[in-house]
Amino acid sequence: MSQSRPDEFKAPPECPVFEPSWEEFGDPYTFINKIRPIAEKTGICKVRPPPGWQPPFACDVDRLHFVPRIQRLNELEAQTRVKLNFLDQIAKFWDLQGCTLKIPHVERKILDLYTLNKLVADEGGFDIVCRDRRWTKIALQMGFAPGKAVGSHLRGHYERILYPYNLFQSGANLLVKQNEPHVIHHHSPHIYKHTSNFSSLLTEPGEAGESKPNLRRRMGSFVAKPESGQTPSPRMNSIFTCFEKNPFDLQVDLVVCLVCGSGGDEDRLLLCDGCDDSYHTFCLIPPLHDVPKGDWRCPKCLAQECSKPHEGFGFEQASRDYSLRAFGQMADAFKSDYFNMPVHMVPTELVEKEFWRLVGAIDEDVTVEYGADIASKEFGSGFPIPNGKFKVSPADEKYLKCGWNLNNLAMMKPSVLTHVTADICGMTLPWLYVGMCFSSFCWHIEDHWSYSINYLHWGEPKTWYGAPGFAAEQLEEVMKKLAPELFESQPDLLHQLVTIMNPNTLMAHGVPIYRTNQCAGEFVITFPRAYHSGFNQGFNFAEAVNFCTVDWMPLGRQCVDHYRMLHRYNVFSHDEMVCNMASKADTLNMVLASAVHKDMLIMIREEQQQREKVKKMGVLHCKEAKYDHLQDDERQCIKCKTTCYLSAVTCSCSPGILVCLHHISDLCSCPITSYTLNYRYTLDDLFPMMNAVKQRAELYDEWASRVTETLEAKLEKKKSLPVFRALIVESESKLFPDNDLLRRLRLVTQDAEKCSSVAQQLLNGKRQTRFRCGSEKSRSQLTVEELSSFVRQLYNLSCSLPQAPLLKELLNRIEDFQQHSEKVLADELPSIAEIQSLLDVSFDFDVELPELPRLRVRLEQARWLEAVQQASAQPATLSLETMRRLIDQGVGLSPHPSVEKAMARLQEQLTVSEHWEDKASSLLKARPPHSIETLRAVADKTSGIPAYLPNCLLLKDTIRKAQEWLQEAEELQASGSVLMVDSLSDMVLRGQAIQVHLEPLDKLESLMAEVQEWKESAATTFLHKDSTVTLLEVLCPRCEVGNAGSPKRKVKKGKESLKSNKKKTPRLNTLSDVEKALSETKDSTSAMATLEELRVREMEAFSNLRAANESKLLPTADCMNLKVCVCQKAPMGAMLQCELCRDAFHSVCVKDLSDSCETRPWLCPQCHRSEKPPLNKALSLLTSLRHIGVRLPEGDALHYLVERTINWQQRAQQISQSCNLPELEERPGTPPTLTCCVSDSDDTVFYTEQRCIPLQGLSWDLDELIVEGLLLQVSLPEVQSLYHVLLDRTSSWHTNTDCDKQMQFNSQGINLPADQDGITTSEKKAKRRLETEGLDAERRVKNKKPSHKRQKMNKKNLQRRPTSTSSSPRSDFSQSDDSEEEIAVCPAERCQQPEGDEVDWVQCDGSCNQWFHQACVGVTPEMAEKEDYICVRCTLNDGHTRK
């Protein structure tokens, strides 16, 4: 299909479509009355019957034959016809000049000569356009593109074709220019036949035809196929046909030119083919260059031919008679061929656009045929009728009397046409219409402005266009304005049904147009004076009829007056119809009687005025005339064609000729006194007729008068709503007809009741929902404008409502509220309380206030601004989350300058805060940490930000902690004291928690790592694998002594071992107490004193424990209740006795097969707590700890353990020498097995598998010595030796026990007194220690050489130390002052007793000056020569002294 064009047809809006229910469909007049207020606004409407209403098609198809009308589409449209008429005149003008006219092409389009001529005339004429150079402007107005020099082409065409014609029209002599032979040719006669290839006639020689799509070519060439003998359009032949006669020779003798009067230049003389007048070619204005070869008319003959009047336009009748079937075949073939598709597949929109395109196209001549106005009386209606030829089935009999059967509708009782006695079958009998594609019905209104109803029985849709009745005059004016030439020749053109105009054109000039597509089975109703037109989409069959209702009567009389002005014939006499109804007043209903009465008032008043006018004019004769007995054409006014009934004027000079009383002067030239007034009724006859109708309608009229008065009352005269209700009740009780007045009364009453109800709701303040700050509103709320309009409506109502003044007062309050709101909203920073008070006041108004949303928005803004201000006033609480929350809340607010300013400030503050927060966070999380200077620089910059910044505060706190830590570290370093491990650990942990690079921290961490490494090494050395005791617990003397096999005994408080004047120390009952006490000591001396106290308690506790455990195993004990061992059961069978705690254990419970060495004393699991490494490992650990330089409880305990061990070695050596242990007198033998009876009846016994040192007869010193040796957590050979010595004595024990009681002497002769009364064990021990130290000092003095310190040397030929079976205790060199021979003994803990001629020795450079085997102390000869050597004892003593 063709592309859409700017001038493409645009469909008008749709008219109303009604779908009545079966109940509504029952009475057509009631339903039409009901829809009339809506439908008359559009002029036409469509009614779809209820589903199932399908009347049978009753027309006799075989008998139906008709001759259709021929419709050439481009002649239907008014503007197109004007153009064609103009081209007719131009063609005729040039034809009379003997020239062939061909319409030129410009820009590949046929030049619109009519538009060109009109535009030039509007601009002032050819001369003015040329003078002012307006041709380009005219080209643009004609739609040509600018910039292509089209104006010069238009000027040339106008000058050659139109300018001579316009000169002729102006009255000047015709001037023909022959300089363009391709436009105006002189040649032999040639007749162009009107063929289907219409475009070929419009192509100039030498110019190719315009290429068009196939469909357009078909659209421009198809014509409904005429029957043989049908001639083409005479109009087109007259436009595009050339006329030429064969030349003939004229006798020019005695022929002279009528202009110059000369007969010379015979070859230049022209002889007119009409009147034989002669003219020189050069005498014509302007002169002709050549003699025309065709027929030529002189200016005089040309004027006579062109001045002949045009024939009125009308449709031609086809020459063929069609049957319905034949017409359908032709119509379907035409549409199918035209659109090149099946007829049922062509869209209605396409057909509509193509129809209006063809109607407006000059160059496309499409002809169709339309079977219109076929009388149903002759061929039968499409609806079934009683006694008709169509046999109706019982199921369809209901359609015979149905009101929508068009045969019944026009003559039903409510129709006033039933009172017309004349033959008006053209209105009351249906007409049939058989259409084909593009066949149309032109703009028209129905006769007498009546209603019409059209029913489409079957076929393709019929497209309708309509204009409402109030726009009828506007439509007529627009058509007269756009096509004045047509109305000049045919003033009643619109009544001829032969002219159509594009609805888009009418709509562009303000005429309201509506459309609809009427499908099969649908009705279309047109209303009084509603112009309508349309066309058929294809082959279809429709039926239509006119009808009139009571409401039409005023329009009917108005139409008669309009017809009088147009001199148009009436179909019937309106006055006669009214008089007929008045003569049957008793049969009229009250509504019709009232309408007739009103119409008769107008009729009688006008008739009375006209008769008085006639009498004043001088008409003297009067007579009665029975005009109702005459045919209508026998009583028509010769002037206005009105059908006379009440009166007419005649003259005896003209029998059969009459005029109405309005046109007396047009009757004849006789004196008026000879005229006769003919009347049907006298005025005296008319008044009784009117009174009869009045009496019939009096009751109704009185009610109607009261209703009218009530409805039209003004101001204080308005009635209350109960009065309106009473009038409605009265109409119902008296069965008044349901007419417009009653419907209006009901409508006004309903409106008033609704208004009253709404007004009361508004006054009561009722609403569906309430929201204090919400945005939703009640559905029943009115806007302020609606309330104002509602108040005006209340005052404009025909009734008065008591709520009106109250609502007026409410409206005033609302307006005051609005003014106050606007003032508040205009404030930059409004008060929250003021806004809230306004919102509270608004709750009393049940209306939608446009200020409320703005007030709520402003309230939110004010609250937000206040929140921002409060938050900014408290920087300590203004966090980033608070700022983000405020910004998020601000984003949701409506824009406002104050909000935007606050948002900008807040956003800027948030950006800065986030930047420094992120900066602080990154600094705190940096690895490695930044220096304190870097952090301090950032902290200084953040100090001025008025917000709570956790990371920045944390940064400042970190700097503060770092400063405090550095100061503490500096003070610690300056003090020079030894660090306690707790302080070190605390410093390290606190330093690690500070996210700042602290230079001293690395050293402290390294130191802490060495301490931890040392502790792990010590734990590996001392602790068993998977041991449950701690290193400190192993190294310290026990504070809790007990046995798993026996209840723990409370340790007795020993007497103070120190001097009584010393300060009391807290009791150390648990390991945590010990650890706390050691951590709190300021130096090693205090720690040693604490551990010494703990040792004394330990020795006392073990002494008591050993005695208790030993006593319970005596034979005299009660073995029945005895609980021993880890299992807490009675002793039985093989038992093991702990050498330390002396408790007994079942062998099966505690014996470890892997530890079956019998050379060592057996200790129970509780007493054997550690691995007991050699002393040298403990010394190595102690030395490494001193290198670390940190004090820790485990270090102090290890130090004390080493000192305790060395002291024990010394004591053991002294006691062994003093007591001469190998020669001690043995005690009485102790049997190897202890037995104890389990019960009286059972002789079960237990025994020990190993030998134990017996306590009986063992001296206190030896007992204490062996106990303390076993308590030592290092392994010493002396302990083993002492154990074996004491154990061996059990076998050779004798009664000599004086050694325990007498004084004992060591090798140096120092007395060791025996235990005495009043001397405690601690005192003995302290005294013994002091004596030992005195001996060591004395020995060191003796060993020193008087001259100088001996150099480190290899001592040769020294006497070898005697060997012994047991490890000898540590001893100094013993030598007499007078001895010449040096007898040396190596004091090393484990002397390797090297042998040979030469043994390397090294002397201690400490305070003892003792000599040691180099091999025993791990010193090489090179080291002895170059380095100082200090023995273990001197190392311990010197270190203790430093601390």
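Just so we're clear, the structure is a prediction, and the values are computed from it rather than from any experiment. Throughout, numbering of the chain's residues begins at 1 and tracks the sequence.
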Any side-chain heavy-atom pair from [X] and [Y] closer than 4.5 angstrom?
{"X": "Arg557", "Y": "Ile602", "value": "yes"}
{"X": "Trp703", "Y": "Leu741", "value": "yes"}
{"X": "Asn407", "Y": "Leu429", "value": "no"}

Could you tell me whether [X] and [Y] have a side-chain N and a carboxylate O separated by less than 4.0 Å?
{"X": "Glu753", "Y": "Arg725", "answer": "yes"}
{"X": "Glu698", "Y": "Lys694", "answer": "no"}
{"X": "Glu716", "Y": "Lys718", "answer": "no"}
{"X": "Asp751", "Y": "Lys754", "answer": "no"}
{"X": "Arg635", "Y": "Glu576", "answer": "yes"}

How long is the span from the [atom1] atom in [X] to the [atom2] atom in [Y], to the nearest 0.5 Å?
{"X": "Ile374", "Y": "Leu432", "atom1": "CD1", "atom2": "CG", "result": "6.0 Å"}
{"X": "Ile513", "Y": "Leu475", "atom1": "CD1", "atom2": "CG", "result": "5.5 Å"}
{"X": "Asn408", "Y": "Trp404", "atom1": "CG", "atom2": "CH2", "result": "13.0 Å"}
{"X": "Phe547", "Y": "Thr549", "atom1": "CZ", "atom2": "OG1", "result": "7.0 Å"}
{"X": "Phe66", "Y": "Asp373", "atom1": "CZ", "atom2": "CG", "result": "12.5 Å"}
{"X": "Gln636", "Y": "Gln631", "atom1": "CD", "atom2": "CD", "result": "10.5 Å"}

Q: Please test Thr643 against Asp632 for side chain to side chain donor-acceptor pair (under 3.5 Å), starting from the C-alpha separation and ending with a verdict.
A: CA-CA 6 Å; Thr643 301; Asp632 287 355; 4.8 Å; no
Q: Determine which pairs satisfy ring pair (Phe, Tyr, Trp, His ring centres under 6.0 Å) with at least one residue from residues 643-665, sequence neighbours left out, and list them in order.
A: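 Listed by first then second residue: nothing to list.
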Count the heavy atoms of every other residue, nucleotide or ligand shown that sit under 6.0 Å from [atom1] of [X], and state whether that count exceeds 12.
{"X": "Lys584", "atom1": "NZ", "answer": "yes"}
{"X": "Gln608", "atom1": "CD", "answer": "yes"}
{"X": "Glu23", "atom1": "CD", "answer": "no"}
{"X": "Lys46", "atom1": "NZ", "answer": "yes"}
{"X": "Lys598", "atom1": "NZ", "answer": "no"}
{"X": "Asp586", "atom1": "CG", "answer": "no"}
{"X": "Tyr569", "atom1": "OH", "answer": "no"}

Q: For the pair Glu606 and Lys613, evaluate salt bridge (charged side-chain N to carboxylate O under 4.0 Å, His left out) and give the outcome as yes or no after the intermediate values.
A: CA-CA 11 Å; Glu606 182 179 354; Lys613 177 183 176 182; over 6 Å; no
Q: Identify which one of Val578, Val596, Leu588 satisfies the side chain to side chain contact (heavy atoms under 4.5 Å, CB included) criterion when paired with His419.
A: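 In the set Val578, Val596, Leu588, the residue that makes a side chain to side chain contact (heavy atoms under 4.5 Å, CB included) with His419 is Leu588.
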Q | Given Val748, Thr749, Leu742, the one that forms side chain to side chain contact (heavy atoms under 4.5 Å, CB included) with Arg746 | A | Leu742
Q: May I have the step-by-step check of ring pair (Phe, Tyr, Trp, His ring centres under 6.0 Å) for Phe441 and Trp464, ending in yes or no?
A: CA-CA 9 Å; Phe441 49 101; Trp464 290 73; 5.0 Å; yes
Q. How would you list, by chain and number, every residue that makes a salt bridge (charged side-chain N to carboxylate O under 4.0 Å, His left out) with Asp628, sequence neighbours excluded?
A. Arg680
Q. Given Tyr455 and Phe383, is the ring pair (Phe, Tyr, Trp, His ring centres under 6.0 Å) satisfied, shown in steps?
A. CA-CA 10 Å; Tyr455 181 76; Phe383 289 97; 5.1 Å; yes
Is there a donor-acceptor contact under 3.5 Å from the side chain of [X] to the main chain of [Y]?
{"X": "Tyr675", "Y": "Cys670", "result": "yes"}
{"X": "Ser731", "Y": "Ile728", "result": "yes"}
{"X": "Asp575", "Y": "Leu646", "result": "no"}

Q | Pair Phe25 + Phe31: ring centers closer than 6.0 Å | A |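 That pair fails the under 6.0 Å test.
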Q | Ring centers of Trp449, His562 separated by less than 6.0 Å | A |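 Close enough - the centres of the two rings lie under 6.0 Å apart.
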Q.
Side chains of Asp685 and Thr682 only: does a donor on one sit below 3.5 Å from an acceptor on the other?
A.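 Judged by distance alone, the side chains do pair up.
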Q) Under 3.5 Å, is there a donor-acceptor pair linking the side chains of Asn454 and Glu543? A) no
Q: Applying side chain to side chain donor-acceptor pair (under 3.5 Å) between Tyr531 and each of His444, Gln474, Glu476, Glu446, report the one that passes.
A: Glu476
Q | side chain to side chain donor-acceptor pair (under 3.5 Å) partner of Ser647, the single match among Glu607, Arg611, Gln610 | A | Glu607
**Q.** Criterion side chain to side chain donor-acceptor pair (under 3.5 Å) on Thr676 and Thr650, from CA distance to verdict
**A.** CA-CA 5 Å; Thr676 302; Thr650 59; 4.6 Å; no
